[in-house]
Amino acid sequence: MADATPSPGSSASPTSSASSASSTASPTFDEVFCGLLPRLYRRAVMLAGSRQSAEDVVHEAYLRLAARPQRFLAHPEPYAYAFTAVLNVARDAYRKDRRQVLVDRMEGVEEAGAGAGPGAAAGAAGADGWDGGWDGGVERRHAEIEAVRLLGRLSHRQAGIVILVDLDGYTIDQAAQIMKVHRGTAARHRARALDRLRAYLIESEYGQAGR
């Protein structure tokens, strides 16, 4: 009786097994994050108000998430998890900048008027705003600028709820879970945000009509 030895063709070599395992491996942290990067960057611009600030926000969010990559990869909604990190970074940066502005103002009381003319203010606004690069068409860029301008009038939590529900298509329940707040709190934040935006738009229309 012949020995039941496997034929060379039927045996799986270590090399082929490793190749098969690598082909079915889960995506890496960088692969998943990079796939979300364009969307996260657009949202960061809306929260931070400028491209340069958005780049800093996304980079810091990346570092925070990379410190615990398995939490990010295991989350059922990686975008929502990453967006929360972006929102938190943007909020922290805003608070830090606001404190720095107050310190600078106090330090500059005795130097009032030095280099603070209208021309300097306009230059500072241009440096922190859009640089005029047209990478998505005039109409799209105008819409993006308008969205940034409007969302800049909201708190970061209000802006986050509006972005999740009205731009990303999440329900109030989902947005509340992402933001880690009660559903009623999320609904109130969104209602107040929309009321503020409507009031601002009406005010802007009346202002333009009176010119």
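Counting from 1, the numbers follow the sequence of the chain as shown.
Interatomic distance, I163 CD1 to I178 CD1, rounded to the nearest 0.5 Å: 12.0 Å. Expressed to the nearest 0.5 Å, how far CD of E55 lies from NE2 of H59 amounts to 11.0 Å. Atoms CZ and CD1, on R188 and I161 in that order, are 11.0 Å from each other to the nearest 0.5 Å. Going from atom CG of L164 over to atom CZ of R43 covers 9.0 Å, rounded to the nearest 0.5 Å. Remark: E203 CD to L201 CG distance equals 10.0 Å, nearest 0.5 Å.
Using a cutoff of 4.0 Å between basic side-chain nitrogens and carboxylate oxygens, E60 and R64 are scored as salt-bridged. In summary, D195 and R192 do not engage in a salt bridge, as defined by a charged side-chain N under 4.0 Å from a carboxylate O.
Minimum interatomic distance between F72 and P78 (heavy atoms only, all atoms of both residues): CE1-O, 3.4 Å. The two residues A176 and A186 come nearest to each other via the heavy atoms CB-CB, 3.7 Å. Here the closest non-hydrogen pair linking Q158 and R196 is OE1-NH1, 3.9 Å. What you find for L150 and L197 is that their closest heavy atoms are O-CD2, 3.4 Å. Between H156 and L87 the shortest heavy-atom distance is O-CD1, 3.3 Å. Of all heavy-atom pairs spanning Y41 and V58, the tightest one is CA-CG2, 4.1 Å.
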Output, in order, the C-alpha distance, side-chain angles, deciding distance and verdict of side-chain contact (heavy atoms from CB on, under 4.5 Å) for V89 and Y62. CA-CA 10 Å; V89 172; Y62 170 86; over 6 Å; no

Stepwise side-chain contact (heavy atoms from CB on, under 4.5 Å) test for T84 and K180: CA-CA 9 Å; T84 302; K180 297 180 180 179; 5.5 Å; no

Is there a side-chain contact (heavy atoms from CB on, under 4.5 Å) between Y79 and L40 once you walk through the steps? CA-CA 8 Å; Y79 166 76; L40 290 173; 3.8 Å; yes

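In this structure, the side chains of F83 and Y170 stay at 4.5 Å or more apart for every pair of heavy atoms. Under the 4.5 Å side-chain criterion, counting only non-hydrogen atoms from C-beta, Y81 is not in contact with L73. Using a 4.5 Å heavy-atom threshold, the side chains of H189 and L154 count as separate.
Residue-environment remark: CZ (R68) stays at or below the threshold of 12 foreign heavy atoms within 6.0 Å.
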